[in-house]
Amino acid sequence: MAPAALLQRLTWLPAVIAEARAETPQARTLVLDVPGWPGHRAGQHVDVRLTAGDGYQAVRSYSLASAPGEQPAITVARVADGEVSPYLVDVARPGDRVEIRGPVGGYFVWEPAMPYRPVLLVGGGSGVVPLRSILRHHRQSADPTPMRLVYSVRAPELVIYREELQAEHLVYTRTTPPGWPRPAGHIDQGLLREVAWPPVDSPLAYVCGPTAFVEHLSGALLDLGYRAGDIRTERYG
Amino acid sequence: MHVDGNAAAGLLTQVFARDMTGAHGTCGSCGHNGPLAEAVVYGEAAGTVFRCPTCDNVLMTLVEAPGRILARLAGLRWLAVPI
């Protein structure tokens, strides 16, 4: 990190929704026009603030879905009884205004760096969003780091970024596509043994998803021999 | 509904004027040491509460008030900020 960036004064930036793209029946990607956007790192967050007509404000944190160098974009999954997500998924349209604070966060972030430590990305549900930013960044920068994503999702119609992630390891927990070689089920030790980089290669792991998923996976990676300090986690719900 | 310290990165930056998700806190109750990113964070009440992922002790509370943010760090024994 550049020394100048160490002290960070945050302000709310006006943003306009430039594009809205349905990813699944439950999730939508919003590309944002943010004049003065300083750029972001893969895995960082933004806070989004909505202001109602009566002045009531709600703030939520979202992972950035786009790669560094791209316009900021978030992918929002609808939370039942949510205050903000139903608006962002179902109502907001291109041209609508929101406010943005960020980019923020430096823990769940990946940057190409020597030595090239292999990276295992493990996402559950919409936990795949920051991992997609990392994966895109990795592909675009033609970085030689070995990187692999294991993406756990309930059913085929809920796969976010479907086209981009076809070559990755998808694990269906409830319903599989027809003829899928692996029965529906959670990521287990056997699968991890097949796809995770062996501990002897000093891998880094990024695990993001619901709390129970992250607990299960970080435990499984520790059992496999991953070092606790090499497993970055992000939990929600 | 809870999240973790990653989702509080914006608020933490407001208070500390730098990224704090990678700063390590030591729980004043059980001694667990870990990054603030891994704290359990509750944000629906009047303030944002950071709890120890091991023993649930309240490490830190941040309350946004008009014109200021109040920070209570009484549950932390240490806070180690990388420079």
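Below, read A as the first sequence line, B as the second, and so on, with proteins coming before strands; counting in each chain starts at 1.
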### Query
In terms of heavy-atom pairs under 4.5 Å, which option from B/Val3, B/Leu12, B/Thr21 contacts chain A the most?
B/Thr21

### Query
Can A/Glu234 and A/Arg232 be counted as an ion pair, charged N to O under 4.0 angstrom?
no

### Query
Would A/Asp201 and A/Arg117 pass as an ion pair if we require N to O under 4.0 Å?
no

### Query
Under 6.0 Å from the six-membered ring centre of A/Trp110 and within 45° of its axis: does the NZ or CZ of A/Arg41 meet both?
no

### Query
chain B heavy atoms under 4.5 Å from A/Arg101: which part of the residue, side chain, backbone, both or neither?
side chain

### Query
Is the closest side-chain donor-acceptor distance between A/Tyr107 and B/Glu38 under 3.5 Å?
yes

### Toward chain B, the part of A/Thr211 with a non-hydrogen atom under 4.5 Å
side chain

### Task
Could you have a look at A/Gly102, A/Pro130, A/Ala228, A/Ser61 and say which one has the most heavy-atom pairs with chain B under 4.5 angstrom?
A/Ser61

